[in-house]
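A short worksheet on the structure shown next.
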Amino acid sequence: MDSTSTAWRTAPCRPTELPPMDLRVLRRTGGELVLRHGLPLATFEPSFMAHIAMQAQQHPHKVAYARRGTGGAVGGAAWETISYGVLHDQVRRVASWFTEREAAGEVLLLLTGNSLAHAVLRLGAIAAGVIVCPVSAGYVAAGGDFNRLAYVLDLVKPRYLFAEHAVDVTAAASLLNSHERQLIVARNEDDAAPASLEAILNTVPGDLEFATDPDAPAAYMLTSGSTGRPKAVVQTQRMLLSNLHQAWQILGSAAGWSDRMLDWLPWSHVSGAFNLYAAAVFGGSLYIDDGKPVASLFDETISNLREMPLRYFCNVPLGYGMLVEALRRDDVLRTTFYRELRLMLYGGAGLSQPVMDALQGMAVETIGQRIMMTTGYGLTESSSGCMAIYFPTDRVGIGLPLPGVETRLVPLEDTRYEIRLRGPNVLSAYLDNPEASAAAFDEEGFFRTGDAATFHDQHDPEAGLAYAGRLVEEFKLSSGTWVRSGEVRARLLADLSPLASDVLLCGVNRDYLTALLVPNAAALAEIAGHANATDLEALSQHPTVRARLFTALEKHVAALPGSSTTVRRAAFMRQPPDAQRHEISDKGTINQRIAAENRGDEIEALYASDPPPHVVVAP
């Protein structure tokens, strides 16, 4: 059955029921374009507390957040839940506790992953005017490098710290301990702990007006730091709620933000934070997935998906690549996954076309219909996704602007454009970094994203934009030829599918391009005929796998013979990207610069005059 000619899933959530396409295109001299949606941004209440109160009044017993309890096998423990009625009460108590301490304007550093306690404390702090700054739990993990933590402490100067358990931050205690900081833990497990959320919730909520200024700082969100030290983006409630309502206007009828959601994306990243806030604002039930797209944890995600049919599913491209392999092997998973599904969203990086095609092909085989797939292009500086695909298409892309967003496209030397953004969801400044703040905006107040895009069809802007790489990651070969790394990586991933889940592209000041590949363990195990998908070294060197890689690389070189577009040698990484060495972000994408610095020996092997056996050389 041809998936591209098969109908989209019908009511109540299909592309034809989304708002009509109303793209406004302003053409300027020099080939410059400004795109915006014809719909104005809807009016909304710019206060999270107001939305939580409304949800509590309308359906007090509905699940707001849920997470599996501890203990038991994967997927075996029962879900612990918090209803909207209880959430509203607890958020008010937390806000009252901070208000009693006149903490408005102070900073709460959240040193934990996603949890019910995190949700309550974060929303309560914002309601009290306390600025939240979530960071990855890896910042304080034992065995890690605390340089990032020291930098962030100096940058945001937190008065309060939160960890699920005091023991979680023991390794970093020498940095964190200060009479100027107060540690809050989830439960009072240690009499020495200064405060616990458990005790805070005994606070009698006062009749107070919380965080009445929607333009005051509500959060400091850290950028990825892929091109240097992370910057802290100052986010306000108006910014965040503008972004939520922009997306709701254009995808609300198809998205499941008022329904049940299952999500692993870390709340220290804007994509994960979006789902945390979307549940509270639109009345959804967010089930926290303790799995993630790494070999040791993905079974938890699969277990949850086998149990829980969803109308809306969100993941990063790496997660979708792993999901495709699981869906192919598991009939029960495939039936449950597609049973109620109306919308899939990917973010964080570009999805490969073969993965999208596989997802749609299995949808057609399972339910006889295609599922709308969208993306949320955006950055930390734009609160989250501010462009989306809200029209029927089978092509991977980044879509078009949401209501209230203006996208300035500045032509580059080829068919690409630099993306610049302006709107109520876009930052006005970085924290304590006036030079970076000034350099971030052009003469018209548009934020310079540093990303490039191209139209799917130069003569039809309504067909949408495709991502064309991050300009700062582009580099030169020794010949002086520029390499569009984003485009090359995307094409290589497509050509090597399903062998690799991600790519570290190499070639700075070299004669030709090479690549270190992140192995797709499940796919390699299937190709090699192995039941054990954990022995990556054995799998990657299996003769059948090597032959498959050679054939794929041979076709890649034949299709793209130019020095700046083809990868001539490749090898699987000896070890997967390591989050503790800062090689991989919370959302599962490779930090190209840091990974290259850490893997100098592996890269040198790719360029050896007599390459070792694990390196595959194209003819």
Discussion item. Does Glu462 have more than 12 heavy atoms from other residues, nucleotides or ligands lying within 6.0 Å of its CD?
Written reply: yes
Discussion item. With no hydrogens and no angle check, just 3.5 Å: does a side-chain donor-acceptor pair link Trp264 and Asn315?
Written reply: yes
Practice prompt. Show your reasoning for whether side chain to side chain contact (heavy atoms under 4.5 Å, CB included) applies to Leu251 and Leu402.
Written response: CA-CA 10 Å; Leu251 293 172; Leu402 299 180; 5.7 Å; no
Discussion item. Run the salt bridge (charged side-chain N to carboxylate O under 4.0 Å, His left out) test against Arg328 and tell me which residues pass, sequence neighbours left out.
Written reply: Glu325
Item to complete: Could you tell me which residues satisfy ring pair (Phe, Tyr, Trp, His ring centres under 6.0 Å) with Phe313, sequence neighbours excluded, listed by chain and number?
Response: Tyr320, Phe337
Practice prompt. Determine, for Lys555 against Asp495, whether the closest basic-nitrogen to carboxylate-oxygen distance falls under 4.0 angstrom.
Written response: no
Worksheet item: By side-chain contact (heavy atoms from CB on, under 4.5 Å), which residues pair with Ala50, not counting sequence neighbours?
Response: Glu45, Ser47
Practice prompt. Begin from the C-alpha positions of His245 and Gln249 and carry the test side-chain hydrogen bond (donor to acceptor under 3.5 Å, both in side chains) through to its verdict.
Written response: CA-CA 6 Å; His245 284 85; Gln249 275 183 265; over 6 Å; no
Worksheet item: Taking only residues two or more places apart in sequence or in another chain, which ones pass side-chain contact (heavy atoms from CB on, under 4.5 Å) with Leu412?
Response: Asp414, Arg416, Glu418, Ala452, Leu471
Worksheet item: Does the side chain of Thr301 pick up a donor-acceptor pair with the side chain of Asp289 at under 3.5 Å?
Response: yes
Discussion item. Test of understanding: with ring pair (Phe, Tyr, Trp, His ring centres under 6.0 Å), list the residues that count as partners of His542, not counting sequence neighbours.
Written reply: His530
Practice prompt. Provide the full list of salt bridge (Lys or Arg N to Asp or Glu O under 4.0 Å) pairs with a residue in residues 257-281, sequence neighbours left out, each pair given once.
Written response: Asp259-Arg311
Worksheet item: Who are the salt bridge (charged side-chain N to carboxylate O under 4.0 Å, His left out) partners of Arg329, not counting sequence neighbours?
Response: none
Discussion item. For Ser383 and Phe274: C-alpha separation, side-chain torsions, deciding distance, then whether side chain to side chain contact (heavy atoms under 4.5 Å, CB included) applies.
Written reply: CA-CA 8 Å; Ser383 299; Phe274 182 98; over 6 Å; no
Worksheet item: Do the side chains of Tyr417 and Pro411 get nearer than 4.5 Å, heavy atoms only?
Response: yes
Discussion item. So, using side-chain contact (heavy atoms from CB on, under 4.5 Å) as the criterion, who are the partners of Ala515 when residues are at least two apart?
Written reply: Leu492, Val503, Leu517, Val567
Worksheet item: Can you tell which of Ser268, Ser384, Pro134 makes a side-chain contact (heavy atoms from CB on, under 4.5 Å) with Met221?
Response: Pro134
Worksheet item: ring pair (Phe, Tyr, Trp, His ring centres under 6.0 Å) with Tyr377: which residues, sequence neighbours excluded?
Response: none
Worksheet item: Of all residues at least two apart in sequence or in a different chain, which pass the side-chain contact (heavy atoms from CB on, under 4.5 Å) check with Leu345?
Response: Tyr312, Cys314, Thr374
Fill in: Side-chain heavy atoms of Arg67 within contact of Asp290, under 4.5 Å
yes
Discussion item. Going by salt bridge (charged side-chain N to carboxylate O under 4.0 Å, His left out), name the residues that satisfy it together with Arg36, two or more places apart in sequence or in a different chain.
Written reply: none
Worksheet item: Who are the salt bridge (charged side-chain N to carboxylate O under 4.0 Å, His left out) partners of Asp331, not counting sequence neighbours?
Response: Arg334
Worksheet item: Quick one: do the Arg68 and Asn304 side chains pair a donor with an acceptor below 3.5 Å?
Response: yes
Response to the item:
Which of Arg422, Arg24, His37 passes side chain to side chain donor-acceptor pair (under 3.5 Å) with Glu406? Answer is Arg422
